[in-house]
Amino acid sequence: MIELKGVDREFIVGDQTVHALQDVNLTIARGEYLSIMGPSGSGKSTLLNVIGLLDRPTRGTYKLDNQEVTSLSDDELAVTRQNKIGFIFQFFQLLPRLTAQENVELPMLLAGIDPRERSEHARAVLASLDILDRASHRPDQLSGGQQQRVAIARATVMRPGVILADEPTGNLDRHSSREVVAILEQLNQQGMSLVIVTHDPEIGQRAARRIRMVDGCIERER
Amino acid sequence: MRIFDVLYYTWNALSRHRLRTILMLVAMMIGVAAIIVLTALGEGARRYVINEFASLGTNLIIVIPGKSETKGGSPSVFIGETPRDLTNDDAVTLLRIPGVRRIAPLVVGSVTVSWQGVERESPILGSSSSLLPLRHWKMASGQFLPDTDFDQAPPVCVIGSTIKRELFGTTNPVGQWLRIGDRRFRVIGILASEGRSIGMDVQDLVITPVAAAQSIFNTPSLFRILVEAKTRDVIPFVINDITDILKRRHQGEEDVTIITQDAILATFDKILSALTYAVAGIAAISLAVAGILIMNIMLVSISQRTAEIGLLKALGASQHKIIVLFLTEATMLASLGAVTGVLLGFIANAIIRHIYPAFPAGAPLWAAIGAAGIAMLTGLIFGAMPARRAAQLNPIEALAHK
């Protein structure tokens with residue numbers, strides 16, 4: 001479902017060109033579980049951003065569900081993101097002024113879904129992640145693990161084909177980390193592709209397919 | 001996005017950043033209220049002046065000796081030429097014009113008046129019995145000048161309330177002999193009216209028959225002739241007739257100036273309306289200032305909420321949707337400011353009217369609607385730039401923003 005061919009991503013910093021990605025070829029099938037590891041600045045976040053349509057490759061082609069997406073307009077990319085991709089961030093990125101449930105409803109609100117359907121759906125997802133009792137709490141009233149579970153609920157509420165997690169446990173204690181990873185793996189078993197960028201080898205090792213990046217290249221794959 | 005959701009999201013953002021929101025609201029509110037209060041004051045001034053003029057009399061035509069012209073001419077025109085005086089005979093002739101209801105000749109001067117050793121300087125007004133109805137004055141006691149020919153000078157006078165108080169104290173002046181200059185006049189009435197008239201305080205006046213005033217001041221001429229037309233429509237014809245008659249009586253020389261109260265009124269109306277618009281315009285500038293404040297605070301707000309904008313983009317919000325969200329925020333702020341500003345403006349007006357009941361301050365509807373409209377437009381215009389900037393943020397950098 002994800003097919004990157006010869007993808008380069010270059011940044012111009014001052015008068016120097018930084019090659020964040022160089023000739024990356026990667027295919028991810030539906031339902032796959034993939035971890036991307038590597039030192040800081042190796043391009044793993046850039047790769048994730050390209051896959052998540054937040055960034056455009058400088059060169060190369062990207063097919064998502066057999067559709068060439070490098071040529072799509074910004075607005076078309078936004079709609080594609082909305083329907084096909086769920087993001088999970090290291091710092092959760094919950095809006096502090098909204099309740100947990102409102103945060104989960106946000107993607108559906110942007111998509112213009114009926115409020116009643118929105119509420120039902122958000123509550124169902126929160127219930128499946130076992131934090132329905134926190135639905136009306138604001139993020140600052142939740143623990144880190146709970147916040148990340150709300151964020152996972154938000155990422156999955158539109159039923160995307162792929163979940164992209166950038167250091168999802170980077171800001172959590174060991175116990176919460178295990179919980180969060182368990183939830184993500186559970187979602188993966190339900191059929192969503194899962195791509196995790198992480199520093200933590202313990203988490204990286206769990207993935208069925210592991211990629212190591214160095215200097216913008218995929219160094220090795222297992 | 002659904003409109004209700006957009007409003008809710010915006011409202012949520014505004015109410016969660018209370019200080020910022022209140023600051024912007026106050027700026028907008030003061031701008032709107034300023035427009036309303038200032039136009040109310042301008043309107044009040046206009047109405048006040050018009051009421052004052054209306055109290056001078058209705059359908060009034062004023063004949064002034066001498067002709068002021070801006071026409072060029074040889075210097076000889078000015079040499080050895082004095083305007084002919086207006087006389088009582090001129091005034092009497094004007095009575096024959098159809099369309100004229102009444103005529104009051106006027107002689108004005110200042111002289112010492114005294115009673116039983118108490119004396120003061122007082123303005124003297126020589127006129128006729130028709131002055132009372134012509135100026136809509138009322139008598140407090142006694143009666144006004146008797147209806148005699150303009151040439152007759154019965155030794156009677158009517159005094160204003162200040163003269164009565166200062167010269168007579170508690171004595172009833174009606175029937176007393178008042179010395180005016182070197183003559184004695186019997187006081188036959190006291191004026192009830194207040195206010196000012198052709199630059200004189202009515203309460204300060206001593207009014208005598210016109211011929212009596214002319215002999216006090218030793219002059220045959222009139223200061224002015226006041227003519228009241230029967231209706232407003234005949235005023236132009238009356239003016240024509242007055243010009244013709246006086247020209248014939250003055251050896252073919254057109255040497256009087258005729259002004260109508262309508263013309264003065266229209267002029268003042270124009271000046272004061274222009275003033276009101278100008279003041280409202282100045283106040284509108286304060287709204288532009290409020291708009292710039294909105295823009296600044298929106299920009300600050302966007303840099304504070306960069307991560308939020310990045311998140312919205314990651315969650316699938318198009319540039320268009322982000323512009324809608326932020327424009328709605330600016331416009332909602334401006335609208336709230338407009339509504340509270342209109343309320344504040346009307347409250348301020350009510351307070352002004354309560355403190356100065358004589359001053360008819362009142363904001364016209366156009367001011368309230370205009371001020372609120374400009375406020376919302378300002379929000380929209382000054383919200384557009386920050387909204388566009390928000391929409392164009394790079395989502396990756398925005399998400400990384402702390």
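Everything numeric here is computed off the predicted structure, so don't read it as measured data.
- For Phe346(B), the CZ atom is densely surrounded, since the number of other residues' heavy atoms within 6.0 Å is greater than 12.
- Per-residue heavy-atom pair counts under 4.5 Å with chain B were compared for Asn83(A), Ile85(A), Asp75(A), and the maximum is reached by Asp75(A).
- In terms of heavy-atom pairs under 4.5 angstrom with chain B, the leader among Thr46(A), Leu94(A), Ile113(A) is Ile113(A).
- Taking 4.5 Å as the limit, every side-chain heavy atom of Glu308(B) sits out of range of all side-chain heavy atoms of Gln93(A).
- The shortest distance between side-chain heavy atoms of Leu106(A) and Leu311(B) falls below 4.5 Å.
- The closest side-chain heavy-atom distance from Leu399(B) to Leu54(A) is below 4.5 Å.
- Around CZ of Phe359(B), the count of heavy atoms belonging to other residues, nucleotides or ligands within 6.0 Å exceeds 12.
- When every heavy atom of Ala314(B) is checked against every heavy atom of Phe89(A), the shortest pair comes out as CB-CZ, 4.1 Å.
- Sparse packing is recorded around NE2 of His320(B), with 12 or fewer heavy atoms of other residues, nucleotides or ligands lying under 6.0 Å away.
- Between chain A and the options Ser15(B), Ala13(B), Pro395(B), the largest number of non-hydrogen pairs under 4.5 Å is found for Ala13(B).
- Between atom CG of residue Leu109(A) and atom NZ of residue Lys321(B) there is a gap of 9.0 Å, rounded to the nearest 0.5 Å.
- Contacts between Asn49(A) and chain B at a heavy-atom distance below 4.5 Å involve the side chain alone, from C-beta outward.
- Between chain B and the options Arg81(A), Met158(A), Glu105(A), Glu76(A), the largest number of non-hydrogen pairs under 4.5 Å is found for Arg81(A).
- For CZ of Arg389(B), the number of neighbouring non-hydrogen atoms (other residues, nucleotides, ligands) closer than 6.0 Å is 12 at most.
- With a threshold of 4.5 angstrom between heavy atoms, Lys313(B) approaches chain A through its backbone and through its side chain.
- Note: Tyr9(B) leads Phe4(B), Tyr8(B), Tyr9(B) in heavy-atom pairs under 4.5 Å with chain A.
- Heavy atoms of other residues, nucleotides or ligands lying less than 6.0 angstrom from CG of Asp140(A) number more than 12.
- Other residues, nucleotides and ligands contribute at most 12 non-hydrogen atoms within 6.0 Å of the OH atom of Tyr356(B).
- Residues Asp114(A) and Arg2(B) have side chains in contact (heavy-atom distance under 4.5 Å, counting atoms from C-beta outward).
- The environment of CG in Asp215(A) is sparse: at most 12 heavy-atom neighbours from other residues, nucleotides or ligands sit within 6.0 Å.
- For the pairing with Leu110(A), the side-chain contact (heavy atoms from CB on, under 4.5 Å) check across Asp5(B), Ile322(B), Leu312(B) returns one residue only, Leu312(B).
- Contact check for Arg154(A) versus Leu315(B): side-chain heavy atoms found under the 4.5 Å cut-off.
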